Amino acid sequence: MSPFEQPDQRADESGGFARVASLGAGVIGRSWTALFLAAGKSVAVHDPDPQAETRVRQAVEAAWPVLTQLGLTEHGDPENVHFCADPRAAVDGADFVQESVPERIALKHGLYAAIEPALGADAVVASSASGLTLTEMQEGWRDPGHFVLGHPFNPPHLIPLVEVMGNDRTAGGAVDRARAFYASVGKVTIEVRREVPGHVANRLQAALWREAIHLVNEGVASVEDVDTAVSAGPGLRWATMGPTQLFHLGAGEGGLAAFCERYADSFNRWFDDLGRPHLDETTSQRLVDGLGSVSEKHSVDELAHRRDALLTELIAVARRQATGRGTEPRRH
């Protein structure tokens with residue numbers, strides 16, 4: 001399945017989750033809120049920051065054209081949002097709660113203790129946490145049965161992936177309900193079956209970056225050239241299929257079995273030679289200096305805009321191809 005195709009279990013237009021609470025209005029929370037509104041949800045937002053409402057409305061306004069280009073705003077209303085000073089008011093009556101507050105365990109536990117008495121019996125609560133584990137966060141609940149991990153890839157309104165996880169303390173059906181909700185807002189989910197730091201996608205990108213850093217440290221290539229090696233090479237292929245599927249194609253009709261037989265010795269040699277650098281002060285400074293030719297010419301906002309524009313085009317083409325609506329990119 002293409003990473004931009006929707007699962008067979010995609011929910012109906014409402015997904016059975018018409019009312020959503022978005023707790024936390026930082027970068028991740030604002031992006032989630034824009035996506036939920038685009039999908040036609042009624043969204044209650046809570047964040048103690050007095051500037052939260054202004055920042056959320058600005059983020060929704062900025063994201064709306066991209067979401068429209070992706071065909072995700074047909075049932076949406078950017079004004080169908082309200083703001084709650086009390087998190088209990090935000091979750092009251094919510095079918096789904098996306099929690100995206102800062103990753104400080106005491107802060108999360110305090111929030112969970114506050115909202116648990118106000119939650120509906122069938123409400124699902126998902127945390128966007130990337131660095132904390134589900135087990136750690138469950139300690140903030142009297143009954144964590146309807147609490148799951150719902151970790152997005154940034155920015156959530158644009159990147160389809162969500163990693164969903166439950167464990168032996170999670171109620172039956174909670175993970176399935178979370179996945180159905182995410183499908184109803186246009187997301188693609190995977191299930192994390194065993195708890196590991198960083199879940200799945202972050203570990204994959206950490207592994208690639210570790211070797212990128214090693215190549216720079218060893219003088220094999222510059223920071224800029226290593227980045228180019230990814231973006232102009234395997235990165236383009238990875239946007240279409242995962243690595244195992246791609247290697248399945250690499251040996252022609254023989255498929256993955258033939259590929260493994262043919263290239264096992266080469267890959268084992270590369271595996272044994274991969275580096276194990278650490279982000280110490282010297283290494284960090286080397287990376288910063290190596291990125292200087294880019295960072296001096298372009299601001300972070302400019303680079304982010306370029307990234308998002310390219311991602312939007314790529315996702316739009318992939319969606320149209322997956323739905324049989326043609327493959328010609330939109331012209332600007």
Side-chain angles (χ1 to χ4, degrees), residues 6-25 28-29 32-47 75-77 80-101 108-129 132-152 156 162-193 195:
Q6 298 310 305
D8 290 339
Q9 73 269 25
R10 182 182 176 103
D12 60 20
E13 295 299 342
S14 70
F17 301 92
R19 301 179 65 181
V20 178
S22 183
L23 306 182
I28 300 296
W32 270 128
T33 297
L35 180 68
F36 298 153
L37 290 169
K41 311 299 182 183
S42 173
V43 185
V45 176
H46 164 74
D47 191 297
H75 304 284
D77 179 358
N80 196 13
V81 58
H82 59 283
F83 297 85
C84 303
D86 188 333
R88 292 169 293 188
V91 305
D92 185 20
D95 305 302
F96 193 90
V97 179
Q98 186 73 41
E99 174 270 301
S100 308
V101 303
K108 288 186 183 288
H109 285 177
L111 178 65
Y112 302 154
I115 67 172
E116 187 168 5
L119 290 168
D122 296 324
V124 175
V125 181
S127 177
S128 300
L132 298 174
T133 66
L134 181 65
T135 299
E136 290 173 320
M137 294 185 289
Q138 284 175 324
E139 296 306 311
W141 297 85
R142 292 195 305 272
D143 177 6
H146 294 279
F147 175 66
V148 300
L149 178 76
H151 174 244
V162 185
E163 299 173 313
V164 182
M165 180 185 171
N167 59 18
D168 57 0
R169 298 185 69 189
T170 306
V175 167
D176 289 341
R177 279 175 57 77
R179 297 185 75 176
F181 167 76
Y182 289 128
S184 80
V185 297
K187 307 298 278 183
V188 173
T189 61
I190 66 166
E191 183 174 356
V192 182
R193 297 180 179 178
E195 190 167 88

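Just so it is clear, the structure is predicted and the values come from calculations on it, not from any experiment.
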Completion exercise
Sorted by chain and number, sequence neighbours left out, side chain to side chain contact (heavy atoms under 4.5 Å, CB included) with A44 holds for H82, C84, A90

Handout entry: Contact check, side chains of P144 and M137, non-hydrogen atoms, under 4.5 Å
Key = no

Practice task
Kindly compute the distance separating CD (E191) from CE (M165), expressed to the nearest 0.5 Å.
Solution key: 9.0 Å

Completion exercise
To the nearest 0.5 Å, atom CG of D168 lies from atom OG1 of T135 at 8.0 Å

Practice task
Can you measure from NE2 (H109) to OH (Y112) and round to the nearest 0.5 angstrom?
Solution key: 7.0 Å

Please tabulate, for side-chain N and O atoms in residues 115-124, each donor-acceptor pair with protein atoms closer than 3.5 Å (sequence neighbours left out).
residue	atom	partner	partner atom	Å
E116	OE1	R142	N	3.0
E116	OE2	D143	N	3.0

Atom pairs and distances, donor-acceptor, side-chain atoms in residues 32-40, under 3.5 Å, two or more places apart:
residue	atom	partner	partner atom	Å
W32	NE1	S128	OG	3.0
T33	OG1	S22	OG	3.0
T33	OG1	G29	O	2.9

Exercise for the section: Name all residues meeting the salt bridge (charged side-chain N to carboxylate O under 4.0 Å, His left out) criterion together with E136; count only those two or more places apart in sequence or in a different chain, and write none if there are none. Expected result: none

Practice task
Could you tell me which non-hydrogen atom of F96 sits nearest to which non-hydrogen atom of A178, and how far apart they are?
Solution key: CE1-CA, 3.9 Å

Handout entry: Non-neighbouring partners of E195 that pass salt bridge (charged side-chain N to carboxylate O under 4.0 Å, His left out), sequence neighbours left out
Key = none

Handout entry: Pairwise side-chain contact, L134 with F147, heavy-atom cut-off 4.5 Å (strictly under)
Key = yes

Handout entry: Distance-minimising heavy-atom pair for I28 and P152
Key = CG2-CG, 4.1 Å

Fill in the blank from the handout: Taken in chain and number order and not counting sequence neighbours, the residues that satisfy side chain to side chain contact (heavy atoms under 4.5 Å, CB included) with D77 are E79, N80

Fill in the blank from the handout: Sorted by chain and number, sequence neighbours left out, side chain to side chain donor-acceptor pair (under 3.5 Å) with T170 holds for N167

Fill in the blank from the handout: Heavy-atom nearest pair, A174 first then V148, reads CB-CG1, 4.1 Å

Problem - Of all pairs that satisfy salt bridge (charged side-chain N to carboxylate O under 4.0 Å, His left out), the ones with a partner from residues 81-100, not counting sequence neighbours - result: D86-R88, E99-K108

Exercise for the section: Check step by step if side chain to side chain contact (heavy atoms under 4.5 Å, CB included) holds for H146 and W141. Expected result: CA-CA 10 Å; H146 294 279; W141 297 85; over 6 Å; no

Handout entry: For H151, side chain to side chain donor-acceptor pair (under 3.5 Å) partners two or more places apart
Key = E163

